Amino acid sequence: MKNSFAERCYKILRKVPRGKVTTYGEIAKALKSNAYRAVGNAMNKNPFPGSKVPCHRVVKSNGEVGGFASETGKKVSMLKEEGINIVEGKIDLGKYLYKF
DNA sequence: ACGGTGACGCTCA
DNA sequence: TTGAGCGCCACCG
């Protein structure tokens with residue numbers, strides 16, 4: 001159960017500093033895999049919503065926040081609060097995309 | 001063992 | 001530019 005792909009994603013996600021965001025693709029690359037789908041799955045099964053694993057800090061490669069914020073939009077506001085400039089649910093990856 | 005599913009990514013029209 | 005389709009890997013039933 002430990003050292004599983006999901007655990008890997010969480011670990012990487014945790015090393016993303018506040019005010020920055022990462023993409024599923026970057027996480028997959030960090031895992032030496034192109035399993036961006038699996039990364040999303042791991043987040044979906046995320047055992048620690050909010051504090052341990054800041055899933056809201058993970059965005060899509062095109063700059064969209066992602067499905068988890070589609071319904072409420074609260075997560076978007078949360079990212080903004082961290083200092084990330086978001087316009088219409090789009091994040092400026094050129095400024096806030098954290099690279100491993 | 002197999003197939004379906006999913007918080008995605010990229011290319012083509 | 002926008003929309004649609006195809007491909008990717010890992011997990012669950």
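Here is the naming used below: chain letters follow the sequence lines, and residue numbers restart at 1 for every chain. When reading the values below, keep in mind they use all heavy atoms of this one structure, side chains included, and skip hydrogens, waters and symmetry mates. These figures come from a predicted structure and were not determined experimentally.
- Against DNA chain B, the stretch residues 21-28 of chain A makes heavy-atom approaches under 4.0 Å through A/Y24, A/G25.
- Shown here for A/M78 and A/H56, the closest heavy-atom pair between the two residues is CE-CE1, 2.9 Å.
- If you measure from atom CG of A/N62 to atom P of B/dA7, you get 16 Å, rounded to the nearest angstrom.
- If you take CD1 of A/I91 and P of B/dA7, they are 18 Å apart, rounded to a whole angstrom.
- Looking at every heavy atom in both residues, A/L93 comes nearest to A/N62 through CD1-C, 4.0 Å.
- With rounding to the nearest 0.5 Å, the separation of CD1 in A/I84 from CG in A/L97 is 10.5 Å.
- With rounding to the nearest 0.5 Å, the separation of NZ in A/K45 from OH in A/Y10 is 8.5 Å.
- Under a 3.5 Å cut-off, the side chain of A/R57 and the backbone N or O of A/V16 do form a donor-acceptor pair.
- Ring centers of A/Y98 and A/Y96: at least 6.0 Å apart, outside the cut-off.
- Within a 6.0 Å radius of NZ in A/K20, more than 12 heavy atoms belonging to other residues, nucleotides or ligands are found.
- Taking all atoms of both residues into account, the shortest heavy-atom contact from A/L31 to A/C9 is CD1-SG, 3.6 Å.
- Rounding to whole angstrom units, CE of residue A/M43 and C1' of B/dA7 are separated by 9 Å.
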Open item on the list: Generate the contact string for nucleotides 7-13 of chain C. Rules: B means base contact, S means sugar-phosphate contact only, - means no protein heavy atom under 4.0 Å.
Closed with: BBBBSS-

